[in-house]
Protein chains: 2
Amino acid sequence: MSDSLPVPLAHRVPDLAALELLLAVARLGSLGRAARELGITQPAASGRVRSMERLLGVALVERSPRGSRLTDAGVLVTDWARRIVEAAEAFDAGAQALRSRRDSRLRVVASMTIAEYLMPTWLVALRAERPGTAVSLLAGNSAAVAERLRAGEADLGFVEGLQVPPGLDGVVVGRDRLMVVAAPGHPWARRRAPLEPGELAATPLVLRERGSGTRQVLDAALAAHGGLAEPLLELASTTAAKAAAVGGAGPSVLSELAVGEELAARRLVEIPVADLELRRDLRAVWPAGHYPAGPARDLLGLTWSPAGQRA
Amino acid sequence: MSDSLPVPLAHRVPDLAALELLLAVARLGSLGRAARELGITQPAASGRVRSMERLLGVALVERSPRGSRLTDAGVLVTDWARRIVEAAEAFDAGAQALRSRRDSRLRVVASMTIAEYLMPTWLVALRAERPGTAVSLLAGNSAAVAERLRAGEADLGFVEGLQVPPGLDGVVVGRDRLMVVAAPGHPWARRRAPLEPGELAATPLVLRERGSGTRQVLDAALAAHGGLAEPLLELASTTAAKAAAVGGAGPSVLSELAVGEELAARRLVEIPVADLELRRDLRAVWPAGHYPAGPARDLLGLTWSPAGQRA
DNA sequence: ATGAGGGCATAAGCTGAAGTTATGAGTGAC
DNA sequence: GTCACTCATAACTTCAGCTTATGCCCTCAT
């Protein structure tokens, strides 16, 4: 009767190699071809799929002497697997940029929020379009971004802020909105009327520390409504603030980029606020007068229309 | 000079167990505590983190005699890792529902699109709110969903369609929009003026097969504009159509749910169309007169406000 | 018909990654 | 000074997963 620890996720989900193989089988229609593509032997591929089916308790692939097709369940599983693999690709692109510090053809500096939530996608896109461009990524606040660019230590920067830092030129590549969020159990989640700005300002919140971009925007927006109350908690990272809010510590104000997953899974709910503009621009920036060329221009081109603009 | 095969992703990205460990270290502030939480020994955790750092070529954790904190790079990597782990959790929730066919407390039938793109998130949310609810999931078209519900073989269904199937009651839980998409290199991607419906109707497209929900909506919307031209390709799954469009076979019309990732990464771009309503409702449905109770009601409650409504 | 080729499964053997236990060393609290 | 906590290192063990070698099944071309 061991009250055993919860089985870790890794023991219930096939590993990346297996998921990649499944995608290859779906695409190529044969275990053997998929095996060749991944550089393993056919029996290895056969075994991987079999152990994956055993793990999941569902038949995924219909084998026949003329090839293999996905079963109905296999189609679903493969689509879900694709999500994991895509997240892994983004991870890889980001990690590679963290590693290649020096001698990169493109040196990027970005604010934390952008580096966390947007950069991996951009890097994947860049890799697809210009394979072999070595990118290095550094994260820091707006001042640090500006500093590095002016010192010639970076080719392209990204900041979220109210205006372009002095000495730099830039273009808006997207917008971000701060949202008031709370755990679904919080009283605010059951309100019918939107929150009044004054109410928000007067309530102790879970916030990032003073000096963060998020905090600055919020301070500015609430200055006209009596100013921000003393925070309930002051945390050093977006993730920590999010975790505190999910855990029910109190309402928080976070970037919509940061809470997409939490909203979708209902771990947080958005609290509408009346008449409060919490948008901020996301900008690509570079040293004044030096419009990006080469790889920097390639990356800039990728950031113009996608994701961020939808809101 | 072996022109070696590309190194598979799995060799460049740490495995799930390592990523989970990293998240635990970030949360708990100590390798040992994280190890205990995952049911392994401290040296094992220490080794896992070390090999992860070796793989990525970046220091992730700052060890000290009183605990461990993430480095700057570690914070970024951890946030990227969280995405992978969340995708894996969704995968697991979905897979578990595929497995437990019989003797489940909640039997769900859903259309393919909903099962693929929305159900995993809902299941994760349900698991968080009502742990231990055994769910079984079956996917099929609208007619099959209705059939199972009427036969009492399922407790709750989800369909995307223009109206509620006969014999069922339902509520709208979200909306979906079909989008015209093309590879970034396609001439339509460089248009300035939006596409005219007549133009769209007259162009051979990459489409799902006749009978799919997507195809029906498109047929109906273009009936007034001369009807759909003979398709360029007719494919059996959304994924196949998406892959063909990404590969440049031609423009396609797909659910916004299906193409989020591709748009963000610029593998596809949306082509605006003038004056064409391609929305469709996503509905939860149940046998007429039998409003869901128990676990079915719990799940229904989760689907009401999140994701789908934003558009 | 019959052989070639592609597809998959099984069996036997090997290897290495990753776990365990056991231990030591640094740091801070009391 | 000792206890309680951290983490690192070393030696040993185990087992998952690979490879090679084979065999069967099916289809298609000769």
Side-chain angles (χ1 to χ4, degrees), chain A residues 2 4-57 59-71 74, chain B residues 2 4-57 59-71 74 78 81:
Chain A
S2 58
S4 52
L5 296 168
V7 177
L9 196 53
H11 290 172
R12 290 176 292 153
V13 177
D15 63 25
L16 270 174
L19 299 179
E20 257 187 302
L21 175 64
L22 186 61
L23 297 186
V25 171
R27 187 157 35 80
L28 301 173
S30 136
L31 286 179
R33 264 202 291 279
R36 244 169 286 141
E37 183 176 85
L38 299 187
I40 60 175
T41 61
Q42 171 265 317
S46 187
R48 262 194 210 173
V49 171
R50 203 165 345 106
S51 63
M52 187 162 31
E53 290 177 318
R54 192 159 32 78
L55 179 68
L56 300 180
L60 301 173
V61 170
E62 231 175 54
R63 290 96 163 151
S64 91
R66 359 186 277 255
S68 293
R69 287 179 41 75
L70 295 179
T71 62
Chain B
S2 58
S4 52
L5 296 167
V7 176
L9 196 54
H11 290 170
R12 291 177 290 154
V13 176
D15 62 26
L16 270 174
L19 299 178
E20 256 189 303
L21 175 63
L22 186 61
L23 296 187
V25 171
R27 188 157 34 83
L28 301 173
S30 138
L31 287 179
R33 263 200 292 277
R36 242 169 290 140
E37 184 176 83
L38 299 188
I40 59 174
T41 60
Q42 171 266 317
S46 187
R48 260 193 212 174
V49 171
R50 204 169 340 110
S51 63
M52 185 161 35
E53 290 177 319
R54 192 158 33 78
L55 179 68
L56 300 180
L60 301 174
V61 170
E62 233 175 52
R63 290 97 165 149
S64 91
R66 3 186 272 255
S68 295
R69 286 177 44 74
L70 295 180
T71 62
T78 302

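Throughout, a chain's letter reflects where its sequence line sits, starting with A, and its residues are numbered from 1.
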Would you tell me if any nitrogen or oxygen in the side chain of [X] comes within less than 4.0 Å of OP1 or OP2 on [N]?
{"X": "A:Ser64", "N": "C:dC8", "answer": "no"}
{"X": "B:Arg36", "N": "D:dT6", "answer": "yes"}
{"X": "B:Arg63", "N": "D:dT6", "answer": "no"}
{"X": "A:Ser46", "N": "C:dC8", "answer": "no"}

**Prompt:** Touch check for A:Gly32, heavy atoms < 4.0 angstrom, all strands: base, sugar-phosphate only, or nothing?
**Reply:** sugar-phosphate

**Message:** By the 4.0 Å heavy-atom rule, please label B:Gly67 as base, sugar-phosphate, or nothing.
**Reply:** sugar-phosphate

**Request:** Determine yes or no for a side-chain-to-main-chain donor-acceptor pair under 3.5 angstrom, with A:Arg63 supplying the side chain and A:Val61 the backbone.
**Result:** yes

**Any donor-acceptor N/O pair, B:Ser30 side chain to B:Ser68 backbone, under 3.5 Å** = no

State which of [options] makes the closest approach to the side chain of [X].
{"X": "A:Asp15", "options": "C:dA18, D:dG17, C:dG26", "value": "D:dG17"}
{"X": "B:Ser68", "options": "D:dT20, C:dT27, D:dC7", "value": "D:dC7"}
{"X": "A:Pro43", "options": "C:dG28, D:dT19, C:dT20", "value": "D:dT19"}
{"X": "A:Ala44", "options": "D:dT9, D:dT19, D:dT6", "value": "D:dT19"}
{"X": "B:Thr41", "options": "C:dT21, C:dC8, D:dC26", "value": "C:dT21"}
{"X": "B:Gln42", "options": "D:dA8, C:dC8, D:dT6", "value": "D:dA8"}
{"X": "B:Arg66", "options": "C:dG7, C:dG28, D:dA8", "value": "C:dG28"}

If I take atom [atom1] in residue [X] and atom [atom2] in nucleotide [N], what distance separates them, rounded to the nearest angstrom?
{"X": "A:Arg50", "N": "C:dC8", "atom1": "CZ", "atom2": "C1'", "result": "10 Å"}
{"X": "B:Arg48", "N": "C:dG19", "atom1": "CZ", "atom2": "C1'", "result": "9 Å"}
{"X": "B:Leu21", "N": "D:dC7", "atom1": "CG", "atom2": "P", "result": "11 Å"}
{"X": "A:Leu28", "N": "C:dG6", "atom1": "CG", "atom2": "P", "result": "16 Å"}
{"X": "B:His11", "N": "D:dC18", "atom1": "NE2", "atom2": "P", "result": "9 Å"}
{"X": "B:Ile40", "N": "C:dA17", "atom1": "CD1", "atom2": "C1'", "result": "14 Å"}

**Prompt:** Which residue, A:Arg54, A:Glu53, A:Met52, forms the side-chain contact (heavy atoms from CB on, under 4.5 Å) with A:Leu56?
**Reply:**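 Of the listed residues A:Arg54, A:Glu53, A:Met52, the side-chain contact (heavy atoms from CB on, under 4.5 Å) partner of A:Leu56 is A:Met52.
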
**Request:** Find which nucleotide of DNA chain D each of B:Ser30 and A:Arg54 is nearest to by heavy atoms, and output the residue with the more 5' nucleotide.
**Result:**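 Closer to the 5' end of DNA chain D: B:Ser30.
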
**Prompt:** So A:Glu20 and A:Leu23, side-chain contact (heavy atoms from CB on, under 4.5 Å) or not? Walk me through it.
**Reply:** CA-CA 5 Å; A:Glu20 257 187 302; A:Leu23 297 186; 5.7 Å; no

**Prompt:** Can you find a pair of side-chain heavy atoms, one from A:Leu38 and one from A:Arg48, that are under 4.5 Å apart?
**Reply:**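 Side chain of A:Leu38 against side chain of A:Arg48, heavy atoms only: contact under 4.5 Å found.
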
